[in-house]
Amino acid sequence: MATRWNDLNSVPTPCYVVDEAALTRNLQTLKAVADAAGCKVLLAQKAFSMFAVYPLIGQYLAGTAASGLHEARLGRDEMGGETHVFSPAYTDATFDEIVALCDHIVFNSFTQWLRFQKRALASGKTFGMRINPECSTQAHAIYDPCAAGSRLGVTRAQFRTDLLDGLTGLHFHTLCEQNSDALVETLKAVEANFGDLLPRMDWVNFGGGHLITKDGYDIPRLVDAVRAFRAKYRVEVYLEPGEAVAYRAGWLVASVADIVENGMKTAVLDASAACHMPDVLEMPYRPPLLDSAPVGEKPYSYRLAGPTCLAGDVIGDYSFDAPLRAGDRLVFEDMAIYTMVKNNTFNGMRLPSIALMDTMGAIRMVKAFGYDDFRGRLS
């Protein structure tokens with residue numbers, strides 16, 4: 001990857017750089033899946049909302065999926081196509097604007113449906129209900145909508161078949177960066193719990209978490225599952241991946257600010273796990289780093305950490321061929337998804353700049369942030 005950079009030192013740090021060529025390859029794969037399976041694929045903006053590339057994404061995908069008003073407006077304004085929204089709860093203050101923006105609106109409970117039903121049906125839009133098939137296929141409870149006590153989706157025991165008038169679709173989202181075997185298992189649970197309702201629906205949204213663009217993902221199994229489901233129930237099927245759209249399509253470039261030692265060498269960077277790559281702490285996971293290896297595999301080992309006052313602002317432990325020095329550039333990989341969308345300014349940290357590398361390797365700065373962006377969020 002590094003050989004594609006024209007001039008790494010020209011990029012201000014910290015800075016996200018999105019690779020247009022990698023993004024396009026992902027989009028081509030997703031478009032091929034949609035065509036083969038006869039389904040529609042949406043961008044889940046909760047994972048990736050860099051709207052500078054929405055015109056490109058819109059050439060391949062059917063539209064966007066939103067989690068609330070602002071994402072819905074961004075998708076409608078910047079990409080167009082179909083605009084879908086799901087929220088655990090809508091409010092009186094935003095519901096009418098959401099309905100005006102969106103084509104498909106998915107509810108999370110029948111109490112919400114009853115509360116907004118009259119206003120919803122008067123709009124002439126399309127409405128659905130999120131279901132919980134109670135089928136966990138992953139180990140990360142924080143990302144498992146089917147975990148015990150989950151607030152996301154209606155279980156069959158709580159489902160109100162007497163209130164289906166006006167609801168034309170069902171939505172489930174249970175996966176997180178998983179292969180198609182997890183979807184096949186989930187579909188069995190959906191059919192077991194809700195199979196009698198499926199013939200009454202016009203569409204079913206399979207949600208996100210399908211890491212279709214990762215090497216080793218079983219695309220033929222996904223295509224077969226979607227085609228069989230469509231044929232059996234005569235419904236339109238939607239997929240709304242987020243990670244798969246921008247998977248391995250971006251980097252976070254950081255600089256070493258200092259080296260400190262207290263039983264081990266720690267390189268303090270100008271990029272923060274807590275502020276700029278929060279999934280490192282939430283999952284947790286160790287992000288891939290260009291030209292590095294796990295500790296012990298190369299001669300010089302360091303802990304990489306952020307510059308905030310949080311003691312746990314640690315990115316991970318890595319080894320290198322040469323000692324690190326202040327001013328060295330480090331390039332974290334797979335930093336397009338769940339990064340820009342989760343950024344925060346804890347400690348007054350500056351948000352990373354955003355750049356786009358075109359298919360020829362030329363880098364264009366898209367956005368830079370400063371004090372006004374920090375101040376503007378506060379009172």
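Residue numbers start at 1 and run along the sequence shown. This one's a predicted model, so the numbers in the text were calculated from it and none came from an experiment.
Salt bridge Lys214/Asp334: absent, no basic N to carboxylate O contact under 4.0 Å. Checked for salt-bridge contact, Asp92 and Arg119 meet the test: a charged N lies under 4.0 Å from a carboxylate O. Using a 4.0 Å cut-off between a side-chain N of Lys or Arg and a carboxylate O of Asp or Glu, Arg377 and Asp373 do not qualify as a salt bridge. The residues Glu71 and Lys46 are annotated as not salt-bridged, no charged nitrogen and carboxylate oxygen being separated by less than 4.0 angstrom. Note on Asp279 versus Lys342: salt bridge recorded, some NZ/NE/NH1/NH2 to OD/OE distance being below 4.0 Å. Salt bridge status for Lys40 with Glu82: present, with a side-chain N to carboxylate O gap under 4.0 Å.
Side-chain contact of Ser180 with Asp218: a donor-acceptor pair under 3.5 Å is absent, judged by distance alone. Judged by distance alone, the side chains of Thr13 and Arg329 never bring a donor and an acceptor atom under 3.5 Å apart. Looking only at atom types and distance, the side chain of Asn205 has a donor-acceptor partner in the side chain of Glu240 under 3.5 Å away.
Within the 4.5 Å cutoff, the side chain of Cys135 has no heavy atoms near those of the Thr174 side chain. Between Leu74 and Ser49 there is a side-chain heavy-atom pair separated by less than 4.5 Å. Considering only heavy atoms from C-beta on, Asn108 stays 4.5 Å or farther from Ser87 through its side chain. Between Thr186 and Leu175, the closest side-chain pair of non-hydrogen atoms falls below 4.5 Å. A 4.5 Å side-chain heavy-atom check between Cys39 and Phe206 finds every atom pair outside the cut-off. Met201 is listed as a side-chain neighbour of Leu164, based on a closest heavy-atom distance under 4.5 Å.
Within a 6.0 Å radius of CZ in Phe51, other residues, nucleotides and ligands contribute 12 heavy atoms or fewer. Within 6.0 Å of atom CZ in Arg227, 12 or fewer heavy atoms from other residues, nucleotides or ligands are found, so the atom counts as exposed in its surroundings. The environment of CZ in Arg286 is crowded: more than 12 heavy-atom neighbours from other residues, nucleotides or ligands sit within 6.0 Å. No more than 12 heavy atoms of other residues, nucleotides or ligands shown are found within 6.0 angstrom of CZ on Arg73. Within 6.0 Å of the CD atom in Gln59, the count of heavy atoms belonging to other residues, nucleotides or ligands exceeds 12. No more than 12 heavy atoms of other residues, nucleotides or ligands shown are found within 6.0 angstrom of CZ on Arg375. For CG of Asp215, the number of neighbouring non-hydrogen atoms (other residues, nucleotides, ligands) closer than 6.0 Å is 12 at most. The number of heavy atoms from other shown groups lying within 6.0 Å of NZ (Lys298) is above 12.
Aromatic ring orientation, Phe229 versus Tyr233: tilted (interplanar angle from 30° to 60°). Between Trp203 and Tyr238, the ring-plane angle classifies as perpendicular under the 30° and 60° cut-offs. Ring geometry for Tyr318 versus Phe320: interplanar angle of 30 to 60°, hence tilted.
Both the sub-6.0 Å distance and the 45° axial angle are satisfied by Arg130 relative to the ring of Phe86.
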Verdict with reasoning, Tyr300 to Lys265, per side chain to side chain contact (heavy atoms under 4.5 Å, CB included): CA-CA 9 Å; Tyr300 299 95; Lys265 292 182 183 293; over 6 Å; no

Tyr54/Gln45 under side-chain hydrogen bond (donor to acceptor under 3.5 Å, both in side chains): CA gap, chis, key distance, verdict: CA-CA 10 Å; Tyr54 276 18; Gln45 296 178 96; 2.8 Å; yes

Verdict with supporting geometry, Met129 and Val154, side chain to side chain contact (heavy atoms under 4.5 Å, CB included): CA-CA 8 Å; Met129 184 63 62; Val154 182; 3.9 Å; yes

Derivation and outcome, side chain to side chain contact (heavy atoms under 4.5 Å, CB included), residues Val184 and Leu222: CA-CA 8 Å; Val184 170; Leu222 170 67; over 6 Å; no

Working for side chain to side chain contact (heavy atoms under 4.5 Å, CB included), residues Thr339 and Leu252: CA-CA 9 Å; Thr339 51; Leu252 175 59; over 6 Å; no

Evaluation steps, side-chain hydrogen bond (donor to acceptor under 3.5 Å, both in side chains), between Asp313 and Ser272: CA-CA 7 Å; Asp313 190 358; Ser272 161; 2.8 Å; yes

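For Phe48 and Tyr338, the ring centers sit 6.0 Å or farther from each other. Aromatic rings from Phe172 and Phe194 are positioned such that their centres are separated by 6.0 Å or more. Taking the ring centroids of Phe95 and Tyr90, they lie under the 6.0 Å cut-off.
One hydrophobic cluster holds both Leu121 and Ile98 under the rule that ILVMFWY side chains link at heavy-atom gaps under 4.5 Å. The cluster map of Ile, Leu, Val, Met, Phe, Trp and Tyr, joined by side-chain heavy atoms under 4.5 Å apart, puts Ile354 and Met357 in different clusters. Val18 and Met365 fall into different hydrophobic clusters, where Ile, Leu, Val, Met, Phe, Trp and Tyr side chains are chained together by heavy-atom contacts under 4.5 Å.
One distance of note links OH of Tyr302 with CG of Leu269; it measures 12.0 Å at 0.5 Å rounding. Note that the CE atom of Met335 and the SG atom of Cys15 stand 13.5 Å from one another [nearest 0.5 Å]. With values rounded to the nearest 0.5 angstrom, Leu152 atom CG is found 10.0 Å from His171 atom NE2.
Distance alone, capped at 3.5 Å, is enough to place a donor-acceptor pair between the Ser319 side chain and the Pro294 backbone.
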